[in-house]
2 protein chains.
Amino acid sequence: MPVSQNIKVAVDAVVFGYTSKEGLSVLLIKRDIEPFKDMWALPGGLVGDEESLEDAVHRELKEETGISITYLEQLYSFGKPGRDPRNRVISITYYGLVKPDAFEVCADTDAGDAAWFNIKNLPLLAFDHPEIIETAWKRLQSKILYEPIGFELLDEKFPFSELEKLYVAVLDRPIDRRNFKKKITQFGFLDETDEKQTLGGAGRPGNLYRFNVKKYFRLKKAGINFEI
Amino acid sequence: MPVSQNIKVAVDAVVFGYTSKEGLSVLLIKRDIEPFKDMWALPGGLVGDEESLEDAVHRELKEETGISITYLEQLYSFGKPGRDPRNRVISITYYGLVKPDAFEVCADTDAGDAAWFNIKNLPLLAFDHPEIIETAWKRLQSKILYEPIGFELLDEKFPFSELEKLYVAVLDRPIDRRNFKKKITQFGFLDETDEKQTLGGAGRPGNLYRFNVKKYFRLKKAGINFEI
DNA sequence: GCAAAAGTGTTTAATCTACACCCATGT
DNA sequence: ACATGGGTGTAGATTAAACACTTTTGC
């Protein structure tokens with residue numbers, strides 16, 4: 001057993017945002033130091049000695065991108081020697097979800113060195129970050145099928161078609177509209193409001209729905225299991 | 001961002017073994033130093049500076065228990081400040097599976113400070129290890145439903161009832177024998193041998209089966225998905 | 001011959017899949 | 001009026017769930 005150790009511990013976050021216009025997107029920052037200077041990378045950094053891993057993620061996201069996320073979950077720990085050319089660094093990675101307003105604000109400003117990229121059109125990335133994003137996307141794809149986390153990527157009220165388009169973007173495959181609506185509504189945790197979509201451009205406006213968290217937890221306790 | 005850091009990186013392993021006699025069991029070691037001296041704990045220890053995480057797990061298992069495992073997968077990283085009373089330690093945990101022969105040998109010797117405990121009858125454990133084992137068991141329960149990893153816990157040849165009893169032990173719920181056999185056999189990656197179970201005590205001997213890895217991968221590539 | 005475990009099918013209910021036309025709005 | 005997107009139901013196929021008796025062996 002090694003008696004002393006020289007390994008650094010970092011966190012990195014794959015933050016997903018979504019709008020039907022921009023599609024499923026990932027938040028990246030432009031590195032301003034070597035190595036990989038001027039390349040894009042995941043937000044992240046070293047963990048403080050007295051700081052929890054989740055706190056470190058939130059702190060780094062605020063420092064580097066100014067964003068606050070509504071959902072955070074641990075993804076995987078990457079620790080191969082050599083993945084950082086300087087030192088041995090173990091990165092404990094997380095993935096997070098943000099609501100469209102946070103997504104759009106950041107996308108607009110574009111100032112500084114943070115930007116959103118569509119998941120299917122990523123730039124060259126530093127370190128092993130392509131692998132991390134790939135892992136995160138797969139995890140999101142499987143998780144969205146058995147937990148209603150998709151709502152963390154939508155506004156409080158949303159037309160049903162937004163939810164469907166979100167699933168199409170995340171799963172990267174077509175979905176049958178009628179079957180999808182049947183499945184989702186049958187669970188009973190979506191409230192239909194009496195409002196309709198405004199600002200819709202052309203086409204018939206859709207009713208707005210709201211995810212009812214209380215109902216969801218009640219149903220979950222009662223033993224339903226969400227599965228798409 | 002913290003400029004220097006004083007965090008240690010460790011790995012811990014939840015190793016599962018199974019026999020129909022002993023049930024689903026976990027490998028533990030008795031601590032001979034403080035803190036938690038004389039309590040049971042998961043095998044594990046600090047990662048070497050140039051060592052991969054998986055190598056560290058295998059090394060610690062060999063050093064502390066003498067066991068070799070046939071399956072290893074990362075579980076989760078536990079890093080709350082205070083989980084180790086001495087220093088800040090991040091533990092990257094893994095779970096592993098061993099074949100019955102390795103399981104039984106170790107269970108017999110009982111010498112030294114390593115021992116197997118039935119998953120439903122664990123002793124008092126050091127650190128946050130109860131939480132880690134709980135997490136590992138849940139992961140095993142969900143994974144065994146969509147990947148054929150159960151075979152890693154069985155001998156090369158096994159009677160069908162062994163497989164069924166394994167699933168009952170892992171999932172901790174009853175299974176319908178006929179439906180289960182239908183499901184498993186329909187995939188087509190189990191080879192039936194012409195041997196029968198020997199040393200069976202009372203009852204009719206069962207045919208022995210073998211998991212055909214090649215067939216499994218061929219079928220997997222062709223797009224089947226294993227689901228119980 | 002009896003206790004213990006293995007082997008084997010069918011029926012019913014539930015779920016999944018595929019599929020097309022009308023409606024409300026903006027231009 | 002036409003283009004755009006929203007809303008809705010059914011029939012057929014597939015899959016899941018429930019269920020009990022016969023066979024082979026050891027003692």
Side-chain angles (χ1 to χ4, degrees), chain A residues 18-23 144-146 154-155 157-169 171 173-188 190-210 219 222-228, chain B residues 18-23 142 144-146 154-155 157-169 171 173-188 190-210 219 223-228:
Chain A
Y18 173 81
T19 57
S20 53
K21 195 161 146 279
E22 302 289 334
I144 206 174
L145 294 176
Y146 66 90
L154 296 178
D155 288 315
K157 296 173 193 170
F158 52 88
F160 210 94
S161 60
E162 277 295 298
L163 185 64
E164 186 204 326
K165 279 180 262 173
L166 166 63
Y167 270 80
V168 171
L171 298 175
R173 60 173 162 87
I175 283 184
D176 182 279
R177 185 153 34 121
R178 285 180 283 192
N179 293 338
F180 181 71
K181 184 154 185 182
K182 239 179 293 168
K183 259 212 189 119
I184 299 284
T185 49
Q186 99 195 355
F187 290 117
L190 263 202
D191 291 342
E192 187 169 4
T193 71
D194 48 6
E195 298 168 65
K196 291 195 180 299
Q197 184 184 34
T198 57
L199 295 173
R204 173 176 174 178
N207 287 340
L208 295 183
Y209 290 79
R210 191 200 325 254
L219 290 162
I224 68 145
N225 60 324
F226 180 74
E227 272 208 43
I228 304 296
Chain B
Y18 173 82
T19 57
S20 54
K21 195 161 146 280
E22 302 289 334
S142 72
I144 206 175
L145 294 176
Y146 65 91
L154 296 178
D155 287 315
K157 296 174 194 169
F158 51 88
F160 209 94
S161 60
E162 276 295 298
L163 185 64
E164 186 203 325
K165 279 180 261 171
L166 166 63
Y167 270 80
V168 171
L171 299 175
R173 60 172 162 86
I175 283 184
D176 181 279
R177 184 154 34 121
R178 284 179 284 188
N179 292 338
F180 181 72
K181 185 155 186 182
K182 239 180 291 170
K183 259 212 189 118
I184 299 284
T185 49
Q186 101 194 353
F187 290 117
L190 264 203
D191 291 343
E192 187 168 1
T193 71
D194 50 3
E195 300 168 65
K196 291 195 181 298
Q197 185 184 35
T198 58
L199 297 174
R204 173 175 174 177
N207 286 339
L208 295 182
Y209 290 79
R210 191 198 328 251
L219 290 163
I224 69 144
N225 60 325
F226 180 73
E227 271 208 45
I228 304 297

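In what follows, every chain begins at residue 1, and chains take the letters A, B, ... in the order their sequences are listed. From a predicted model like this one, the values you see are computed outputs, not experimental measurements.
OP1 or OP2 of dT8(D) lies within a sub-4.0 Å distance of a side-chain N or O belonging to Lys181(A). The phosphate of dG6(D) (OP1 or OP2) has a side-chain N or O of Ser161(A) nearer than 4.0 angstrom.
In this structure, the CD atom of Glu227(B) is 14 Å from the C1' atom of dC16(C), given to the nearest Å. Nucleotide dG7(C) holds its C1' atom 12 Å from the CD atom of Glu164(B), rounded to whole Å. Protein atom CZ of Phe160(A) is 10 Å distant from nucleotide atom P of dT8(D), rounded to whole Å. Remark: P of dG9(C) and CD of Gln186(B) are 15 Å apart, rounded to the nearest angstrom.
Nearest-nucleotide positions on DNA chain D place Gln197(A) closer to the 5' end than the other of Gln197(A) and Asn179(A).
In the interface, the side chain of Arg204(B) is not paired with the base of dG26(D) through any donor and acceptor atom under 3.5 Å apart. Put simply, the side chain of Lys196(B) and the base of dT23(D) share no donor and acceptor less than 3.5 Å apart. Applying the 3.5 Å distance criterion, the base of dT17(C) shares no donor-acceptor pair with the side chain of Lys183(A). Contact annotation: side chain of Arg178(A) to base of dA20(C), donor-acceptor pair present below 3.5 Å.
Looking at heavy-atom distances under 4.0 Å, Asn207(B) makes contact with sugar-phosphate atoms alone, never a base.
Taking the centre of each ring, Phe180(B) and Tyr167(B) come in below the 6.0 Å mark.
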